[in-house]
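Before any comments, here is the structure.
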Amino acid sequence: MSTRTELPKTYDFKQTEARWYEYWESNGYFSADASSTAPPFVIVMPPPNVTGSLHMGHMLNNTVHDVIVRRKRMQGYNTLWLPGTDHAGIATQNVVERMLREEGLSRHDLGREKFVERVWEWKREYGDLITRQLRRIGASCDWSRERFTLDEGLSRAVREVFVRLYDEGLIYRGERLINWCPRCRTALSDLEVEHVGVEGKLYHIRYPVHGGDRDSVEIATTRPETMLGDTALAIHPEDERYSGLERATSTLPLIGRELAFIRDEIVDREFGTGVVKVTPAHDPNDFAMGERHRLPRVSVIDEDGRITEQGGPYAGMDRFEARKKILDDLEEEGQLVRVVQHPHKVGHCSRCRTIVEPLLSTQWFVKIKPLADEAILAVEQGRTRFIPQNWEKTYFNWMRNIRDWCISRQLWWGHRIPAWYCGACGEITVSRTDPSSCGHCDSTDLRQDEDVLDTWFSSQLWPFSTMGWPDETEDLRAFYPTQLLITASDIIFFWVARMMMAGLKFTQDVPFSEIYITGLIRDAERQKLSKSKGNVGDPLLVCDEYGTDAVRFTLARLGAPGSDLVLTEDQLESYRAFATKIWNAARFTLNHVEESHALPTEEQLRAMDLSLADRWILSRLHRTVREVNEALDQYFLHEASRGIYRFFWREFCDWYLEMAKLHPEKSRPVLIYVFESALRLLHPFMPFITEELWQRFPHEGESIVTAAYPETEGEFIDETVEGQTALIHEIIVKVRNIRSEMNVDFKQFVPLRLAVGDAAVGSMLEQNADYVCRLARVDKFEVAQALSGEKAAAQAVALGVALEVPLRGVIDLDAERARLSKEMEKTRHEIDGLERKLGNNKFLERAPAAVVEENRHRLEEYRAKEARLEEGLGRLD
RNA sequence: GGGCGGUUAGCUCAGUUGGAAGAGCAUUCGGUUUACACCCGAAAGGUCACAAGUUCGAGCCUUGUACCGCCCACCA
């Protein structure tokens, strides 16, 4: 009979974590089988940017994924977690351009083709950093199905979608006022503009008036440089202050352009002077007014953020330089009336933080309303459900006020727009494959659109493009639609909403039935993590310090749905300690297990003559299994992990192992069974240590990854056993309490006499006296009928048991008296409250009988306690 | 300007059908007791932001107030 290999004294998580992932992956445990008959459980990973390295937000998100996915896999679902990365147009292009700049080159020096090849090289070299990091944290994805948004298949899906939407008139090309980043030199969607509060100034400028009741009007603007493009002045239709300007005109200072006065509802009479300069080519409001009043649009700022030829003397200047100069010139001409502080919000490029310029530009757009309507309906009908539910309000609010989506980007890295312009007839040909001739006039003089698509245009197709759509592949049939999407709230609009629209449009189905929105990680100062704040940190360094399992457990423990979470070292330390605790408990347990010992079945356990402690821990285990499963069914990872922690440490280690030490050999089957079950229960949260230990326990199967997740019908749950054990624990705690309060030396054994009213309880206690003797260091255990008169501290214990521990050692009588008096005060306060409650007829009439009964019972207990305290106090005199 | 969330023990946070206020860390006291000092045992610590309301009963439901955070929005 060989003994099992002894565990090292301390848990070396680095060694353990390095070992198992490759074993799992190479054995194909994470691969889904499209031909399986088991019910599918499918999640697609939100594809991280190829430029990215793992940050704590990813780690949270992927931990939540992995806990849910691993459990489903263990429950026997045909589980697919599909991973991949996003080409991240602007971000990636920026990275490679920065590298080129260090070589003294720009992308234009290389030319489009060579530049794109350079980006691919970069991607091949560095792009899989994040996928390696995901393996490090244990993410159990199916790498055989890994995808990249620029893969051949996904690119085909992008073209298919573009062509279909174009053919239906849902994609169009037109000149609109768009958000332009002068640094990235590309158009941006509304979502890619971040409005940041700035301490700006409001400049009041005098414009001369001709043919009215006054010589001039005063306008207020935060952007004086745009005045170069003014084509009108606007006043609210009912603003009587300016009724004398009906036929008047104005002259634009510095430039001399004649401006008409227009009347428009959009003008706020309360703001500034009530007169607004109108610059249709550089302001969204003014653009709208320009449309209504057929005003000319004069573009005075170009794609580099410089003043155009239209800007007269300021042509060629940078927009902010021009602002200064214009203010100087106005000042000189005496037209700058005053300047006031004006905090307001300014749009910045979310990629590079440059101030965005609204420009008139010809771009491609998606006519989004018809798609949004379907997506709204689907959530209203509950076909897709948000968790927590209140996120649907955010979704609805955005969807219901949605505006057309500018999808063209002036970049080189991305899906090139499949549109060709004919040199002969000027018409546009949009095509799935590169056309050889114009679709309108057969000319071969074709030039493809230079622009690429917004990155999100391809990621919106992710749930089905990754599975081979538009082909009807085996994977698509087996795994689409998916069950669950897990992501943070910051990409609900960018990604989630658009996947809903695309899924409904192209697959006639919602892409996922549930959307779980995780909280955001914040630092100790409660700030959101962001690169610009420099507080992101590398989670892998944290994993190196505390162990991946501990970090995962911490994230699961803190991440209640809907609440943001703050990671602290304290938390990480405590869950690292949890891993160590498990390791040590295993060391103890395995000391009693030999190679030949088998994992007992539940039938075998039921047939055994088990001790109270054994039956108790089986009951607690099964109760925990039930709680954990109920919690995980609702994605309450915080409750599930708390339950496991409580069970393993507070119940299994603190109580059961100590009780089992009385007869470890006899308890062995239960020890093995409970430990092995607990490992499986914990595995989704702490995959590495659980595999390491599970392999050393008697077990069935190759890996804990594919072992069954614990389930229970509750057959081992035993209220009586739990009640009896609770009483024994309570007695032990009370004796320890008395020993501690009275400074009884730890090594010293004490006699204990219990006064028990109920004979059955008395005999139960006598049968289980060993537990009390061992754990409370009692040498003489006696169950008596009444309290003796000798001088002793009497303590109240629930269930009508009183106990006496004769005093030994030195007692501080005053301290003891103070303690008992305080206890007495609290007790009397409780009694008062309960008496008042039970004296209230309305309470007796309207509260459920069980509640009334419970309160009566409690009152009796408190009265008994009061009597004992009184007696105890009396003895101290 | 709208919307959402938060305010519970010194700190970070749980608390789902309204029915005796919880955890981890920190604190105090005592301990090496045949797995563990990343440990064991015992204890202390709360007008659940404030106000009003509904209810026999409110941390939980309603309304309002204050402060904090996030998101959206065309007040120049």
Side-chain angles (χ1 to χ4, degrees), chain A residues 7 9-11 195 202 219-223 226 234 266-268 270-272 275-279 283-289 342 344-345 358 388 390-391 393-394 397-398 401 489-490 492-493 519-520 522 524 526-528 546 550 554 557-558 560 562-571 573-591 634 636 638-639 642 645-646 650 653-654 657-658 661 664 732-733 736-741 743-747 774-777 819 830 833-834 837 840-848 850-852 854-855 858:
Chain A
L7 289 180
K9 176 124 188 180
T10 51
Y11 172 47
H195 294 92
L202 195 58
I219 60 94
T221 180
T222 54
R223 300 200 55 200
T226 63
I266 204 168
V267 179
D268 180 354
E270 309 298 317
F271 189 89
V275 186
V276 184
K277 63 191 267 310
V278 185
T279 320
D283 181 278
N285 268 335
D286 296 3
F287 180 83
M289 277 196 274
H342 182 63
H344 62 126
K345 297 218 168 177
N390 44 290
W391 285 109
K393 279 192 183 172
T394 305
N397 186 49
W398 187 72
N401 299 296
S489 56
D490 52 357
I492 289 180
F493 307 144
L520 295 168
R522 299 204 268 179
R526 314 176 110 255
Q527 291 196 304
K528 207 170 118 180
Y546 298 97
T554 307
R557 225 13 231 99
L558 296 177
S563 69
D564 290 348
L565 52 158
V566 180
L567 265 187
T568 61
E569 287 184 13
D570 285 349
Q571 298 275 1
E573 277 168 16
S574 73
Y575 297 117
R576 175 178 60 190
F578 183 45
T580 307
K581 185 73 180 179
I582 293 165
W583 186 261
N584 282 309
R587 287 178 63 217
F588 171 80
T589 305
L590 289 173
N591 277 342
Q634 303 171 81
F636 286 178
H638 65 302
E639 276 193 5
R642 181 183 53 191
Y645 181 95
R646 187 216 61 227
R650 307 272 84 103
C653 291
D654 288 354
L657 287 184
E658 296 307 319
K661 280 174 183 174
I732 292 167
V733 168
R736 285 167 171 175
N737 179 359
I738 294 165
R739 294 178 58 115
S740 178
E741 293 290 340
N743 288 317
V744 179
D745 188 285
F746 170 78
K747 292 187 190 70
R774 181 183 167 84
L775 298 186
R777 302 218 136 222
R819 197 173 61 79
E830 292 292 337
L834 287 167
K837 196 180 225 182
N840 183 343
N841 281 330
K842 283 187 177 170
F843 173 71
L844 299 177
E845 282 164 23
R846 301 191 194 179
V851 173
V852 174
E854 195 190 326
N855 279 277
R858 217 160 67 220

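Below, read A as the first sequence line, B as the second, and so on, with proteins coming before strands; counting in each chain starts at 1.
- OP1 or OP2 of B/A23 has not a single side-chain nitrogen or oxygen of A/H638 nearer than 4.0 Å.
- For B/A23, its base never sits under 3.5 Å from the side chain of A/R642 at any donor and acceptor pair.
- Separation of the A/Y546 and A/Y575 ring centroids does not fall under the 6.0 Å cut-off.
- The existence of a salt bridge linking A/K661 and A/E658 is confirmed by a sub-4.0 Å separation between a basic side-chain nitrogen and an acidic carboxylate oxygen.
- One N or O donor and one acceptor, one from the side chain of A/K661 and one from the base of B/A35, sit under 3.5 Å apart.
- Spacing of P atoms, B/A9 relative to B/C60, comes out at 15 Å, to the nearest Å.
- Both A/D654 and A/V851 sit near RNA chain B, but only A/V851 has its closest nucleotide nearer the 5' end.
- In this model, the phosphate group of B/C40 is approached by a side-chain N or O of A/K581 to a distance below 4.0 Å at OP1 or OP2.
- For A/D570 against B/C25, a side-chain-to-base donor-acceptor contact under 3.5 Å is absent.
- Donor-acceptor pairing under 3.5 Å, judged by distance alone, is absent between the side chain of A/K393 and the base of B/C4.
- Around the CD atom of A/Q634, the shell of radius 6.0 Å holds more than 12 heavy atoms that belong to other residues, nucleotides or ligands.
- Within 4.0 Å of A/Y11, counting heavy atoms only, lies no atom of the nucleic acid at all.
- Summarising the geometry, the separation between CG on A/L565 and P on B/A23 is reported as 21 Å, rounded to the nearest angstrom.
- At a threshold of 4.0 angstrom between heavy atoms, the contacts of A/K277 with the nucleic acid are absent.
- A/R223 contributes atom CZ, which lies 13.5 Å from atom CG of A/L202 (distance to the nearest 0.5 angstrom).
- Within 3.5 Å, no donor on the side chain of A/R739 pairs with an acceptor on the base of B/U33, nor the reverse.
- In this model, no side-chain donor or acceptor of A/E639 finds a partner on the base of B/A23 within 3.5 Å.
- Between A/R576 and B/C38 there is no side-chain N or O to OP1 or OP2 distance below 4.0 Å.
- Taking 4.0 angstrom as the limit, A/R650 places a side-chain polar atom (N or O) nearer than this to OP1 or OP2 of B/G24.
- Taking the C1' atom of each, B/C48 and B/G22 are spaced 12 Å apart, rounded to whole Å.
- Annotation: of the two residues near RNA chain B, A/A585 and A/Q571, the 5′-most nearest-nucleotide partner is A/Q571.
- Rounding to whole angstrom units, CG of residue A/N285 and P of B/A76 are separated by 9 Å.
- Using atom P as the reference point in both B/C71 and B/G24, the two lie 34 Å apart (nearest Å).
- Distances shorter than 4.0 Å separate some side-chain N or O of A/N737 from OP1 or OP2 on B/A43.
- As rounded to whole Å, 15 Å separates atom C1' of B/A42 from atom CG of A/L775.
- Residue A/T554 holds its OG1 atom at 10.5 Å from CD of A/E573, rounded to the nearest 0.5 Å.
- Neither OP1 nor OP2 of B/C71 sits under 4.0 Å from any side-chain N or O of A/H195.
- Among the protein residues, A/T394 comes within range of no part of the nucleic acid, since none of its heavy atoms lies under 4.0 Å from any strand.
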